[in-house]
Participant: 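Attaching a single structure in structure tokens format; questions to follow.
Here, residue 1 is the first one in the sequence, and each next residue gets the next number. Worth knowing before you read on, the calculation uses all heavy atoms, side chains too, and leaves out hydrogens, waters and symmetry mates. Nothing here was measured: the structure is a model prediction, and the numbers come from that model.
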Amino acid sequence: IGADLWNDPKPPLSAWGWVGPNTRDWRIAAQTAGNAILAVNSQWLIFVEGLGTNGWPGSDLTYVQSNPVVLSMPSQLVYSVHELSQDAYNQTWFSDPTYPTNLRALWRSRWGYLAENAKSPIFVGCFGTFFVNAVKDDQWLTQLVNYMNGQFTSDGVSDLKAGQMGLSWSVGLQDIGIFLNYKTVDTKTMSYLKSSFAPLLSGPVPSYTPTSIPSSRPSFIPSLSPTATPTFTAQPSLKPTAPSALPTLRPTNILNGAQIFAYYSTIGNQIIDNNGSSIRIAAVNWFGFETKAFALSGLKSRGYKSIINQVLSLGFNAIRLPFSGQMLITPLPLNGSINFNLNPDLNGLSPLQCMDQVVKYCGAVGLRVILDRHSSLADNGWKESLWFIPNDPYYTENQFIQDWQMLAQRYAGTYISQVTILKPYHYNKYFRSMRVKGTTVIGADLWN
């Protein structure tokens, strides 16, 4: 259902609204990549993370006030942030004498104002705690869950209007998440989340056959060029291009006997379905595709379908899948990273084809998927400040965009819904259109 474009854009190389000798404008890059995705798959949500300025990576959206992301289809934009407890790092606000009452004002100033003022939905794409400091971590998670539920003040009452849903979110699947070892459910974390779950999202999903890896993609793994203190001779042109027309529609008779799948858009601080009803993404982050194993974590001891079934049974309605650019062109997962006795249908598949199987099964059981570009090279997220690798012949800005277009096309749908009269805030005023429906992916988190 969406693309989380890039994980944790990191200053000083990543900037927002300006460029310098050694910096690039993440806002413009997000617009360009987002529009490129929408040009080939107009149904995805585009998740754009903030910068890591004076706080957690990806959590600073203060720049949006003066320099918002402007997509060709504004109703597909969702801003995304990460919030962690003191366990990850002892940020200054944890030592504030007013803690934890200072947290709401902190979140409001950095990203919450967009939700409170109904400017944009917020997706808290990563959060969690190890409960190392039992008292402080309890206070932090309680405050965050209440804030995500719409309690923007401390009166204990939700400030959302009737029919509106709280902030969408994605918690970890392991470690700071719901599984302690991919088998044992962390009942403590689950107890905090119980008030924030939401119904399954619209479905079911028609079956599809993903295309093969494009033949133009290289079969080798590019080497990493030295990147210490990169110097850029010129800022490449990243002007957003005009959106192309909606995909050519197939004859409506293909709908005979087919189920209709609703994609999603936004209005104000809400993500909505085709009926205009508010929905809430309540997801888990399932790591592994972004690592040098090139396989989802936990598959040594469990089948992926078993894990997906348990995620569903616990009340989640979506999975966020981090991946690396390297994973897309890697021929096979690391030897030993998957128990093929438990995952026989993954045997012999490339990592990308394994992701196909995961996406397909999620759709079959009713879970939705958000793809998250975590890094260019595997296990390299903390070292990569930019969504490309300077001076590298393969991991360029153009390749970053091409990868997203490939995925958007790969998981694009093949079924058509009923004619939908789009509301005035959708795309163009009073624009009447057929909307293409399809697989379980609802968007892309452009860069983590």
Side-chain angles (χ1 to χ4, degrees), residues 1-9 29-30 33-49 58 76-80 82 123 125-126 168-170 172-173 201 205 208 210-211 213-214 217 261 263-264 271 281 283-291 294-297 304 308 311 316-330 350-363 367-376 378 381 387 399-413 438-448:
I1 59 175
D4 190 337
L5 294 175
W6 182 250
N7 193 70
D8 296 345
N35 286 339
I37 289 171
L38 294 174
V40 299
N41 185 338
S42 60
Q43 307 303 319
W44 272 14
L45 296 172
I46 305 299
F47 296 82
V48 179
E49 296 188 23
Q76 300 309 109
L77 173 65
V78 179
Y79 288 107
S80 179
H82 296 173
F123 176 58
C126 181
S168 291
W169 50 268
S170 187
L173 189 59
L201 305 180
V205 180
Y208 73 103
T211 57
I213 301 175
R217 301 180 70 80
F261 170 62
Y263 275 88
Y264 311 103
I271 301 175
I281 299 168
V284 294
N285 291 304
W286 194 353
F287 292 95
F289 280 136
E290 85 290 358
T291 71
F294 304 109
L296 288 173
S297 300
Y304 75 92
I308 290 173
V311 167
F316 297 91
N317 61 21
I319 292 177
R320 179 174 175 261
L321 288 179
F323 68 94
S324 70
Q326 187 176 354
M327 166 264 192
L328 300 177
I329 56 174
T330 297
S350 71
L352 181 56
Q353 291 168 331
C354 289
M355 189 160 74
D356 292 340
Q357 294 299 104
V358 171
V359 170
K360 184 176 181 178
Y361 189 72
C362 283
L367 288 175
R368 301 296 174 249
V369 174
I370 297 170
L371 303 180
D372 163 46
R373 175 88 172 210
H374 213 72
S375 60
S376 294
W387 46 100
Q399 189 61 52
F400 169 71
I401 293 171
Q402 289 173 23
D403 286 347
W404 271 124
Q405 284 194 308
M406 180 273 291
L407 291 169
Q409 290 175 310
R410 188 179 188 86
Y411 298 124
T439 65
T440 188
V441 181
I442 61 172
D445 190 338
L446 289 175
W447 177 250
N448 191 70

Participant: If the condition is ring pair (Phe, Tyr, Trp, His ring centres under 6.0 Å), which residues does F123 pass it with, not counting sequence neighbours?
Facilitator: F47
Participant: Taking atom CD of Q357 and atom NZ of K360, what is their separation to the nearest 0.5 Å?
Facilitator: 6.0 Å
Participant: Tell me whether Q353 contacts the main-chain N or O of S350 through its side chain, where contact means a donor paired with an acceptor under 3.5 Å.
Facilitator: yes
Participant: Taking the side chain as every heavy atom from C-beta outward, state whether Q76 and N35 have any pair of such atoms under 4.5 Å apart.
Facilitator: no
Participant: In the structure I gave you, are the side-chain heavy atoms of Y263 and W44 within less than 4.5 Å of one another anywhere?
Facilitator: yes
Participant: Assess whether side chain to side chain donor-acceptor pair (under 3.5 Å) is satisfied between Y411 and N41, documenting all intermediate values.
Facilitator: CA-CA 9 Å; Y411 298 124; N41 185 338; over 6 Å; no
Participant: Using the side chain to side chain contact (heavy atoms under 4.5 Å, CB included) criterion, which residues pair with A283? Sequence neighbours excluded.
Facilitator: S170, I281, A318
Participant: Within a strict 4.5 Å, meaning less than it, do heavy atoms of the L352 and L407 side chains meet?
Facilitator: yes
Participant: Okay, side chain of T330, backbone of Q326: is any donor-acceptor separation there less than 3.5 Å?
Facilitator: yes
Participant: Do the ring planes of H374 and F287 sit parallel (below 30°), tilted (30 to 60°) or perpendicular (above 60°)?
Facilitator: perpendicular
Participant: Which atom names give the shortest non-hydrogen contact between S324 and S376, and what distance separates them?
Facilitator: CB-O, 3.8 Å
Participant: Among F289, W404, W286, whose ring pair (Phe, Tyr, Trp, His ring centres under 6.0 Å) with F323 holds?
Facilitator: W404
Participant: Is there a side-chain contact between I46 and L38 in this structure, where contact means two heavy atoms from C-beta onward sitting under 4.5 Å apart?
Facilitator: yes
Participant: Would you say M355 and L371 make side-chain contact, with heavy atoms under 4.5 Å?
Facilitator: yes
Participant: Can you tell if the side chain of L328 reaches within under 4.5 Å of the side chain of M406, non-hydrogen atoms only?
Facilitator: yes
Participant: How many angstroms lie between atom NE2 of H82 and atom CD of E49, to the nearest 0.5 angstrom?
Facilitator: 3.5 Å
Participant: Assess the residue pair L321 and I370 against the criterion (side-chain contact (heavy atoms from CB on, under 4.5 Å)); give the C-alpha distance rounded to whole Å, side-chain angles, the decisive distance to 0.1 Å, and a yes or no.
Facilitator: CA-CA 6 Å; L321 288 179; I370 297 170; over 6 Å; no
Participant: Take R410 and V359, measure what side-chain contact (heavy atoms from CB on, under 4.5 Å) needs, and give me the verdict at the end.
Facilitator: CA-CA 11 Å; R410 188 179 188 86; V359 170; over 6 Å; no
Participant: Passes side-chain contact (heavy atoms from CB on, under 4.5 Å), L201 versus Y264? Steps please.
Facilitator: CA-CA 10 Å; L201 305 180; Y264 311 103; 3.0 Å; yes
Participant: Looking at G125 and S80, what are the two nearest heavy atoms and their distance?
Facilitator: N-OG, 3.9 Å
Participant: How far apart are the C-alpha atoms of R320 and V284, what are their side-chain angles, what is the distance that settles it, and do they pass the side-chain contact (heavy atoms from CB on, under 4.5 Å) test?
Facilitator: CA-CA 6 Å; R320 179 174 175 261; V284 294; over 6 Å; no
Participant: Could you give the distance from CG (N285) to CG (D372), rounded to the nearest 0.5 Å?
Facilitator: 7.5 Å
Participant: Do I308 and C362 touch side chain to side chain, with heavy atoms closer than 4.5 Å?
Facilitator: yes
Participant: Taking side-chain hydrogen bond (donor to acceptor under 3.5 Å, both in side chains) as the test, write out the residues that go with S168, two or more places apart.
Facilitator: none
